[in-house]
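These notes concern the structure reproduced below.
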Amino acid sequence: MAFTLYSLLQAALLFVNAMAVLHEERFLRHVGWGSDQGIGGFGEEPGIKAQLMNLIRSVRTVMRVPLIAVNSVTIVLLLLFG
């Protein structure tokens, strides 16, 4: 498998898909990454854990519909061009 731009985009798509399917109650809370954990006080810088949870939550919220379209296009391209 050659390292091409398409392979890089496909790897990024798989990574975003992986973040989108993480369920907060079934998986993230069991490993200590629930929404009620890691809440800082007023004026404090959020830690890396809180920033990653915010990123995961944002990806799930914003990228839900675009991921369906991008996944569909990727599947069609793989079926047509192998």
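Both V76 and F81 are part of a single hydrophobic cluster, where members link through side-chain heavy atoms under 4.5 Å apart.
Within a 6.0 Å radius of OH in Y6, more than 12 heavy atoms belonging to other residues, nucleotides or ligands are found.
Within the structure, every pair that satisfies the salt bridge (charged side-chain N to carboxylate O under 4.0 Å, His left out) test and touches residues 60-79, not counting sequence neighbours, is listed here: E24-R60.
Under the side chain to side chain contact (heavy atoms under 4.5 Å, CB included) criterion, L13 pairs with N17, L67, V70, N71, T74, sequence neighbours left out. For S58, the side chain to side chain contact (heavy atoms under 4.5 Å, CB included) partners two or more places apart in sequence, or in a different chain, are N54. Taking V73 as the reference, L77 meet the side chain to side chain contact (heavy atoms under 4.5 Å, CB included) condition, with sequence neighbours excluded. By the side chain to side chain contact (heavy atoms under 4.5 Å, CB included) test, I48 is found to be paired with Q51, L52, residues two or more places apart in sequence or in another chain being considered. Every side-chain hydrogen bond (donor to acceptor under 3.5 Å, both in side chains) that T4 has, sequence neighbours left out, goes to S7.
Annotation for M19 and I56: closest pair O-CG2, 3.9 Å, computed over non-hydrogen atoms.
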